[in-house]
Amino acid sequence: LSECLFFFAAHSEFMVDAVEGTVKQTGMNERFIGIILLPIVGNAAEHVSAVTVAVKNKMTLSVSIALGSSVQIAVCVVPVTVLFGWAANVKMDLNFHLFEVVAMVLSVMIVARLVQDGTSTWLEGSLLVVAYFLVGVGFFYMPTLSQELGVQNP
């Protein structure tokens, strides 16, 4: 287990370095990479599993797979990451930008409304895809952290 932990920690470090290089080379917003691109790549196996069971008409399991990881991240991973950041003397907090809060609240409201009746249609699915696309566009054009702080990039 400790070997696996070391393996994943090393790969995570490589991925963070790659993100920093990508931000410098492309000028892409680090929030867009962290909130839109990395979850798509990092959760690819989970997405495939959810789609596979949905195709087999096991919608409850599919929704559980999709929403379960979101709840796990929100309830466990984020607070633990903040606590480890504090212990390592790295500035981390839960002080989110207004757009991030609005995007999260609207996303939760849309998903809650769509899953409450226990059925799904192609229109509801397309609404979720369009909402994800709009949030992605918002994060792509959102000012970078250095622009907000007035720091000049070298």
Side-chain angles (χ1 to χ4, degrees), residues 1-51 61-117 120 124-154:
L1 184 62
S2 62
E3 292 172 2
C4 289
L5 180 63
F6 176 76
F7 177 76
F8 284 114
H11 280 278
S12 296
E13 189 63 32
F14 292 141
M15 188 171 64
V16 168
D17 291 340
V19 168
E20 291 173 355
T22 303
V23 168
K24 287 179 183 175
Q25 285 184 341
T26 65
M28 199 180 294
N29 190 339
E30 62 269 6
R31 285 181 177 147
F32 176 77
I33 293 173
I35 294 173
I36 303 298
L37 294 183
L38 284 181
I40 289 173
V41 174
N43 297 332
E46 182 179 305
H47 301 316
V48 170
S49 298
V51 170
L61 180 57
S62 179
V63 170
S64 297
I65 291 171
L67 295 181
S69 83
S70 299
V71 171
Q72 182 182 13
I73 295 294
V75 173
C76 181
V77 175
V78 171
V80 169
T81 302
V82 170
L83 292 175
F84 279 135
W86 287 343
N89 201 24
V90 175
K91 184 185 180 308
M92 288 188 193
D93 57 25
L94 297 177
N95 185 17
F96 296 110
H97 189 275
L98 179 62
F99 179 75
E100 294 168 334
V101 174
V102 169
M104 180 63 70
V105 169
L106 289 177
S107 298
V108 168
M109 289 172 54
I110 291 170
V111 170
R113 173 64 184 100
L114 294 181
V115 300
Q116 81 183 36
D117 62 357
S120 63
E124 291 174 337
S126 61
L127 175 63
L128 291 173
V129 171
V130 168
Y132 190 77
F133 176 76
L134 291 175
V135 168
V137 168
F139 278 110
F140 185 80
Y141 288 108
M142 189 174 183
T144 62
L145 294 173
S146 58
Q147 288 173 340
E148 286 182 2
L149 297 174
V151 177
Q152 295 293 331
N153 289 336

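Here the CE atom belonging to M104 is positioned 8.5 Å from the CD atom belonging to E100, to the nearest 0.5 angstrom. Distance check: L127 CG to Y132 OH gives 15.0 Å after rounding to the nearest 0.5 Å. Taking OG from S62 and NE2 from H47, the interatomic distance works out to 11.5 Å, rounded to the nearest 0.5 Å. Taking CG from N95 and NE2 from H97, the interatomic distance works out to 10.0 Å, rounded to the nearest 0.5 Å. Taken to the nearest 0.5 Å, the CD1 atom of I110 stands 7.5 Å off from the CG atom of L114. For the atom pair CG (L37) and CE (M28), the distance works out to 6.0 Å, reported to the nearest 0.5 Å.
When every heavy atom of G136 is checked against every heavy atom of I36, the shortest pair comes out as CA-CD1, 3.7 Å. In terms of heavy atoms, A74 sits closest to P79 at O-CD, 3.6 Å. Closest approach of E46 and S69 over heavy atoms only: OE2-OG, 2.7 Å. Minimum heavy-atom separation, P39 to G34: CD-O, 3.4 Å.
The local environment of CZ in F84 is sparse, with at most 12 non-hydrogen atoms from other residues, nucleotides or ligands closer than 6.0 Å. Summarising the local packing, CZ of F99 is surrounded by more than 12 heavy atoms from other residues, nucleotides or ligands at distances under 6.0 Å.
For the side chain to side chain contact (heavy atoms under 4.5 Å, CB included) with F139, the qualifying choice from I35, L134, I33 is I35, the only one to do so. A side chain to side chain contact (heavy atoms under 4.5 Å, CB included) with F133 is found for one member of V137, V135, V129 and no other, namely V137.
Side-chain contact between E30 and E20 is absent, with no heavy atoms from C-beta onward closer than 4.5 Å. Here the side chains of E124 and L128 are not in contact, with every heavy-atom distance at 4.5 Å or above.
Not one N or O on the side chain of N29 forms a donor-acceptor pair closer than 3.5 Å with the backbone of Y141. For the pair Q25 (side chain) and T22 (backbone), a donor-acceptor distance under 3.5 Å is absent. Although no hydrogens or angles enter the test, the distance criterion places a donor-acceptor pair under 3.5 Å between the side chain of W86 and the main chain of M92.
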